[in-house]
Structures are given as C-alpha cells and as structure tokens.
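Along the sequence shown, residues are numbered consecutively beginning with 1. FYI, side chains are in, hydrogens and waters are out, and symmetry mates aren't considered; it's all heavy atoms of this structure.
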Amino acid sequence: ARKRKKENTMAMNLQGLKSVVALGPVSLASAATAMSSTIDAKGYEELQLVVTRTTHATDYITTLTIQNSDTDVASNFATITGYVQGTDYSAASLSGGTNAATEKAAGVFNIDLRGKKRYFRVGVTNGAVVAVIGVTGTLARPEQAPITATLQNASVVVNPS
C-alpha cells in the first residue's frame, strides 16, 4: 500500500476548549444595562471574553465591568482589578466605528484564571442609541480535556479529518 504524503498541513491546536454564550446577542435601549449569565471557570486556567456590538457609527458602550465571585450568588460579585474601564483601558476603545464594516469585536479580554475566583460575569451599559450587544467566552487549558460535545458546552462538535 502506498503511503499518502501530507502537504502543507497545519496542526489544529483547538483541544481543551469550552465555549460559552454569556450574553445575547441582546437589543439594549439607550442607557439600558444588561448582566451576562455566569461563567463557571472551575478546572480551567484561561478565559477569553469577546464583547460585540452593532453597526451604528454612533453607538457605544458607556460601562463595561468584568466581575468574579467564589459563589454564584449575584450580590457576591466584584469587579476584577486589571479590567476596569476608564482605569485599565479607555472607554473610547468600546465606541465609535461600525463593527459590521470593520468586522472587529468591540473588545477582547484575556483573563489568567490562576488566583482568580471561580465564577465570572460581564455587565454592560449601552450608550445613546439602540444597539445589539453580545458576550461570548472561551475557556482554555483545562485540568481535564472536555472531549464530548456536552463538556464543550455544544450541541455538536465536528472534527474533520
């Protein structure tokens, strides 16, 4: 039998990920606030949060907080140091432009979970016009690989050969 030669193949390094839709996408009226669902980070070392918003040149996010807690009780959450809007990054970075035209996320937040609390959530306040805002999360570097669709928080996982 002939051996098949692999040409220009790249290894996929997508193992051990868990995806979460934490918020929406949800339509927020002017000055409306939304809180994402809770993300349980137990057993993972990294979390990437991606915040998206709609296509209006005049829409913006006035407040964005990333919070964590040891429990899933709403009143126990506190804002995480290092991810404070207006202190650690500019509020202007979450506003202006049109996401659909530029195909950019409003913000990407990479969190090293070591030394952090177990549960995370994101709070968002919309600016001057109605906008659709969403938050997704990807957990990475697990203690144990989530090898099934259920453990990856998915209906189906497709791994082409």
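- The two residues Lys18 and Asn153 make their nearest non-hydrogen contact at CE-CB, 3.9 Å.
- In the hydrophobic clustering of ILVMFWY residues, with side-chain heavy atoms under 4.5 Å counting as a link, Ile111 and Met35 come out apart.
- For the atom pair Gln48 CD and Asn110 CG, the distance stands at 4.5 Å (nearest 0.5 Å).
- Ion pair Arg118/Asp70 not flagged as a salt bridge, since none of the NZ, NE, NH1 or NH2 atoms sits closer than 4.0 Å to an Asp/Glu carboxylate oxygen.
- When all heavy atoms of Gly16 and Pro146 are compared, the pair lying nearest together is CA-CD, 3.6 Å.
- Distance alone, capped at 3.5 Å, is enough to place a donor-acceptor pair between the Asn126 side chain and the Leu28 backbone.
- Considering OG of Ser36 and CD1 of Ile66, their distance stands at 9.5 Å, rounded to 0.5 Å.
- Nearest heavy atom pair, residue Leu17 against residue Ala140, reads CD2-CB, 3.6 Å.
- A side-chain contact (heavy atoms from CB on, under 4.5 Å) with Phe120 holds for exactly one of Thr38, Leu113, Leu49; it is Leu113.
- Taking CG from Leu47 and CD1 from Ile39, the interatomic distance works out to 5.5 Å, rounded to the nearest 0.5 Å.
- When all heavy atoms of Tyr119 and Phe77 are compared, the closest pair comes out as O-CE2, 3.6 Å.
- In this structure, CG on Asn76 lies 8.0 Å from NZ on Lys117, to the nearest 0.5 angstrom.
- Here the closest heavy-atom approach between residue Leu151 and residue Tyr44 is recorded as O-OH, 4.2 Å.
- Within the structure, every pair that satisfies the side-chain hydrogen bond (donor to acceptor under 3.5 Å, both in side chains) test and touches residues 136-148, not counting sequence neighbours, is listed here: Glu45-Arg141.
- Applying the side-chain hydrogen bond (donor to acceptor under 3.5 Å, both in side chains) rule to Gln67 yields the partners Arg121; only residues at least two apart in sequence or on another chain are considered.
- Residue Tyr83 comes nearest to Asp112 through the heavy atom pair OH-N, 4.2 Å, listed as atom of the first residue, atom of the second, then distance.
- With Val135 as the partner, the side-chain contact (heavy atoms from CB on, under 4.5 Å) test is satisfied by one option alone out of Val20, Val26, Leu23, Leu64: Leu23.
- At least one donor-acceptor pair under 3.5 Å links the side chain of Ser37 to the backbone N or O of Ala22.
- Note: Ile80 CD1 to Asn68 CG = 4.0 Å, rounded to the nearest 0.5 Å.
- Between Asp40 and Lys42 there is no salt bridge, since no side-chain nitrogen of the basic residue lies less than 4.0 Å from a carboxylate oxygen of the acidic one.
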